[in-house]
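To find a chain, count down the sequence lines: A is the first, B the second, and so on, and within it residues start at 1.
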Amino acid sequence: MKANATHSGPAAARNPISPANDVLGLNGADLVHPGLVNHPTLSPSIQVQILSIVDATGSASIGDIVAELPGHTDPVGAIFALIAADVLVVVTAGIIDAHSIVARPDGDPNGGFNSEDDETPPATSPDTAAGSAKDAPPIDVSALAEASLPPDLLLVPSSPLKPRIVMGPGRRRAAFKHVPILQQAGVYIFLRAHSVYVGFGTDVGARIAAGRQMPDGTPNVIIAITDMQDGLSDEDARALERILWSYVSSDEDFSLINGVPDGAPIDPDRYDQLALFASEVVLALRQAGLMFLHGSVRERLASPRAEPERLGAPRRIDDLPEGRVMELNYCGLTALAAERDDGTWLLLRGSDVRIETVNSASASASFQRAAWLHAGLLEEARDGSCYVLKRDISFSSGSAVGHFVSGSRGFGLSSWRAIEPGDDELAELAC
DNA sequence: CCCACATGGGTGAATTGCTA
DNA sequence: TAGCAATTCACCCATGTGGG
């Protein structure tokens, strides 16, 4: 995934002449000029370039500076060489990442150095810098932060995702196509009276401009959501669409026009990051007075436990469910489900769910594992051999249930066999 | 607004792989 | 090699998307 791309940062951190260890060029290099910081990553022109980016507005984010130095192999190392030499300081608190802001010490434009030759053209605005971020080398924020930590202190990785939300009136739909920061994977929301549509696009700006998703004319409000660092892959955006759809389904002010999106195959850790991303979106839209206005903030930030109509009513483990009880044995695991009169199936709590999904399985098999692990509806079995379902969950068919529990298309309707559920059958599930 | 097309779920058949 | 389990494939259908 793009967000996890690596580059040479870790190597630089261990390098004996990395910024942390040789900030003043004590390894024998000469000081060519007292106003120049001597460091392998810093040529005089790079130093001047970085400082002019900072001076253009008085400060700059590390990500912006990196974006302005597309040809540089270690732009972050260069920035930290200047920080270590007290030419720049980090003015934001907390963990160093691409959003951290650097400036001259005490607001001094010269930062204690004479920058008389600081005459390079002014840096571009942060917006254009972000627009060119795609061409810059990927930023390894964890390597960047670890380079600044004392020995034995480790950085705990956190989600690199941060939403950027652009909104506008529906009549300006076409304008979304021309916004550089929307020419990337993302999701969008259309509002019209009490109707809402949640969609995704691999180029979300173009998707908004071209689509005909609202059946009754144009939407009143369009909301476009991308990641600050273009960190969403196409599959992330598909999964995020389904996660956000689920959040929106709990907003009683609106009814959804579209059905459950397909989602995408996703691993549980990435799902958790996308769910956090979605809750940041929810908070922003609530604070903007647009959506998610009912109930407490805490209530709104916790996504619904499952999509509408999926969760079965609470049931004691030894109570018989409504319908005909069926059993599926697969891959050494067992699942029980109840086939109901309306054709839907209820997968019973306590059923085994295989941890892996095969390549040919549908996106839902992987997505639902991640979603229900996130919600606590699936838990890993004590011996780690499989997941165990904690609540009854509804499916559209026996084939769908078999597909989900086995993580493979091979276990369809014909794989199930009816059983007479005695106490021992249900007791088995209770274990 | 209509229609053609793409996509994905549901299903059973075919194929592959493992083990006794 | 036979038998079984696991996986993939092919088909049909419903739904959503995008172009005219």
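- Per the geometry, CD1 belonging to A:Ile208 stands 14 Å off P belonging to C:dT17, to the nearest Å.
- The nucleotide whose nearest atom lies closest to any side-chain atom of A:Ala400 is, among C:dG18, B:dG10, B:dG8, B:dG10.
- Taking atom CZ of residue A:Arg238 and atom C1' of nucleotide B:dA6, one finds them 11 Å apart after rounding to whole Å.
- Taking atom CD of residue A:Glu339 and atom C1' of nucleotide B:dG10, one finds them 14 Å apart after rounding to whole Å.
- Between the P atom of B:dG8 and the CD atom of A:Gln368 lies a distance of 15 Å, rounded to the nearest Å.
- The CZ atom of A:Phe200 sits 9 Å away from the P atom of C:dG18 (whole-angstrom rounding).
- Annotation: cation-pi pair A:Arg300/A:Tyr247 absent, no NZ/CZ under 6.0 Å from the ring centroid and within 45° of its normal.
- Taking the six-membered ring where tryptophan is involved, the planes of A:Phe367 and A:Tyr271 are perpendicular, since the angle between them exceeds 60° and thus also 30°.
- When each of C:dT7, B:dG8, C:dT17 is scored by its nearest atom to the side-chain atoms of A:Arg354, the top-ranked nucleotide is C:dT7.
- If you measure from atom CD1 of A:Ile355 to atom C1' of C:dA6, you get 18 Å, rounded to the nearest angstrom.
- Judged purely by distance below 3.5 Å, without hydrogens or angles, the side chains of A:Asp55 and A:Ser52 never pair a donor atom with an acceptor atom.
- The CZ-C1' distance, from A:Arg207 to C:dG19, rounds to 12 Å in whole Å.
- A:Trp345 is linked by a ring-ring contact (aromatic ring centres under 6.0 Å, His included) to A:Trp416, counting only residues two or more places apart in sequence or in another chain.
- Rounded to whole angstrom, the span from the CG atom of A:Asp203 across to the C1' atom of C:dG18 amounts to 15 Å.
- The phosphate of C:dG16 (OP1 or OP2) has no side-chain N or O of A:Tyr197 nearer than 4.0 angstrom.
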